[in-house]
Amino acid sequence: MSEYKLRIKDLPEDERPRERLRKHGPESLRDSDLLAIILKSGFKGTTAIQLGEQVLIAFEGDLKRMADHKSKQFEKIKGVGEAKAAQIVAALELGKRLARFHADRDKITSPADVADLMMSKMRYLQKEIVCVLCLDTKGGVTTKGVAGNLSDDMNWGKKLSEGTIFEGTLNASVFHPREIFRFAIEESANSIILVHNHPSGDPQPSQEDIRATKQLIEAGNQIGIKVLDHIIIGDGIFVSLKEENFI
């Protein structure tokens with residue numbers, strides 16, 4: 001007797017992901033159904049829906065973990081080859097870019113705006129990294145820049161660039177003023193904002209975070225590059241050291 005191979009088109013129409021998406025919208029679908037649409041097909045004895053479930057199981061059902069992985073990790077899952085892995089990674093990247101899209105505004109007026117800019121880039125990282133936003137004080141159109149709630153002598157700026165300065169271990173990063181200000185000088189920055197993540201998801205600053213930030217503020221004052229704020233990114237939440245009066 002030949003082995004029966006279940007296919008999505010053998011399912012009742014109201015159980016097929018594409019049909020449900022058309023009829024009820026994407027919000028009605030489970031994560032595995034959305035993955036099934038991305039994957040398009042399964043393999044012998046396994047539907048695309050079941051393959052989507054297996055992908056989720058491989059990451060313990062955690063979409064955040066999936067978002068931080070590369071194609072090679074997906075290719076290790078049975079039934080997910082190079083092409084399907086690329087489809088998953090591409091879909092996740094589109095999601096990240098969409099999350100950042102609303103942050104592309106003309107002017108940033110609060111710490112929340114800085115968090116909007118960096119949250120999707122940093123909230124799912126498994127290691128701490130330190131990013132530096134370099135700003136100038138020229139007039140004209142302002143773009144992604146410094147957070148608000150700053151003293152009057154700290155001018156709004158136009159974002160020149162952002163750079164990852166350090167990548168640390170799972171729960172520790174190192175702030176080196178020399179490297180941070182070398183980057184700022186290379187970018188002709190008048191001022192900078194520090195942004196780093198806490199992989200634990202809790203953005204509350206450690207005593208080391210506060211100490212290192214104060215050290216950088218002092219160093220910046222000596223060389224004429226202001227450190228305007230330090231934003232710590234957690235899992236969907238953030239802390240501004242300036243706004244919370246830690247610095």
Side-chain angles (χ1 to χ4, degrees), residues 8 15-22 24-43 46-105 112-131 133 144 161-171 173 195-203 231-238:
I8 286 181
E15 294 182 21
R16 302 174 195 171
R18 290 180 185 173
E19 282 72 10
R20 287 169 52 205
L21 184 146
R22 292 192 191 100
H24 305 294
E27 62 278 0
S28 68
L29 273 62
R30 301 170 300 173
D31 292 344
S32 57
D33 295 329
L34 294 170
L35 278 169
I37 293 174
I38 293 167
L39 293 166
K40 297 183 179 179
S41 64
F43 58 98
T46 301
T47 66
I49 296 173
Q50 292 168 330
L51 181 55
E53 291 171 348
Q54 291 174 18
V55 171
L56 287 172
I57 290 170
F59 292 93
E60 300 178 355
D62 191 340
L63 294 176
K64 294 187 296 183
R65 289 185 60 196
M66 286 179 58
D68 194 38
H69 283 74
K70 308 299 182 185
S71 295
K72 294 293 184 183
Q73 279 71 40
F74 292 101
E75 291 176 26
K76 296 176 182 178
I77 301 169
K78 183 179 179 181
V80 179
E82 184 177 340
K84 284 184 168 58
Q87 288 163 200
I88 295 172
V89 172
L92 291 170
E93 178 60 24
L94 279 173
K96 292 178 184 178
R97 294 184 184 188
L98 180 60
R100 293 198 296 266
F101 182 76
H102 72 287
D104 292 335
R105 60 192 72 188
D113 292 340
V114 176
D116 282 346
L117 172 64
M118 303 303 290
M119 182 67 70
S120 63
K121 299 179 182 181
M122 301 180 74
R123 69 184 291 185
Y124 301 135
L125 298 176
Q126 299 300 305
K127 292 184 179 181
E128 285 196 26
I129 67 168
V130 179
C131 289
L133 302 184
K144 306 161 192 157
S161 61
E162 68 186 54
T164 300
I165 302 299
F166 301 112
E167 180 175 332
T169 60
L170 183 63
N171 57 10
S173 59
V195 189
H196 95 276
N197 64 304
H198 281 179
S200 67
D202 181 0
I231 308 294
I232 301 179
I233 301 294
D235 187 4
I237 53 179
F238 70 93

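- The side chain to side chain contact (heavy atoms under 4.5 Å, CB included) test applied to Arg18 returns Arg22, Ile37, Lys40, not counting sequence neighbours.
- Taking CG from Leu29 and CG from Leu21, the interatomic distance works out to 5.5 Å, rounded to the nearest 0.5 Å.
- With contacts defined as side-chain heavy-atom distances shorter than 4.5 Å, the pair Lys127/Pro199 does not qualify.
- In this structure Asp31 satisfies the salt bridge (Lys or Arg N to Asp or Glu O under 4.0 Å) test with no other residue, sequence neighbours excluded.
- Every residue two or more places apart in sequence or in another chain that forms a side chain to side chain contact (heavy atoms under 4.5 Å, CB included) with Leu92 is listed here: Met66, Phe74, Ile88.
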- Task: Take Ile49 and Arg30 through the side chain to side chain contact (heavy atoms under 4.5 Å, CB included) test and state the conclusion after the steps.
- Result: CA-CA 10 Å; Ile49 296 173; Arg30 301 170 300 173; 3.8 Å; yes

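- The CD1 atom of Ile232 sits 9.5 Å away from the CG atom of Asp202 when rounded to the nearest 0.5 Å.
- In this structure Gln54 satisfies the side chain to side chain contact (heavy atoms under 4.5 Å, CB included) test together with Phe43, Thr46, Leu51, sequence neighbours excluded.
- Taking each heavy atom of Phe238 and Ala115 in turn, the nearest pair found is CD2-CB, 3.5 Å.
- Atom CD1 of residue Ile233 and atom CE of residue Met119 lie 4.5 Å apart, to the nearest 0.5 angstrom.
- For the atom pair CG of Asn197 and CE of Met122, the computed distance is 4.5 Å after rounding to the nearest 0.5 Å.
- Residues meeting the side chain to side chain contact (heavy atoms under 4.5 Å, CB included) test with Glu82, sequence neighbours left out: Glu75.
- Partners of Tyr124 according to the ring pair (Phe, Tyr, Trp, His ring centres under 6.0 Å) rule, which considers only residues two or more places apart in sequence or in another chain, do not exist here.
- Remark: Ser41 pairs with Lys84 by the side-chain hydrogen bond (donor to acceptor under 3.5 Å, both in side chains) rule, at least two apart or across chains.
- Side chain of Gln87 to main chain of Ile38: a donor-acceptor pair is present (N/O by atom type, distance under 3.5 Å, no hydrogens or angles).
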- Message: If you apply the rule side chain to side chain contact (heavy atoms under 4.5 Å, CB included), what do you find for Met118 with Ile231, and how did you get there?
- Response: CA-CA 9 Å; Met118 303 303 290; Ile231 308 294; over 6 Å; no

- Task: Applying side chain to side chain contact (heavy atoms under 4.5 Å, CB included), run through Ile129 and His196 and close with a yes or a no.
- Result: CA-CA 6 Å; Ile129 67 168; His196 95 276; 5.9 Å; no

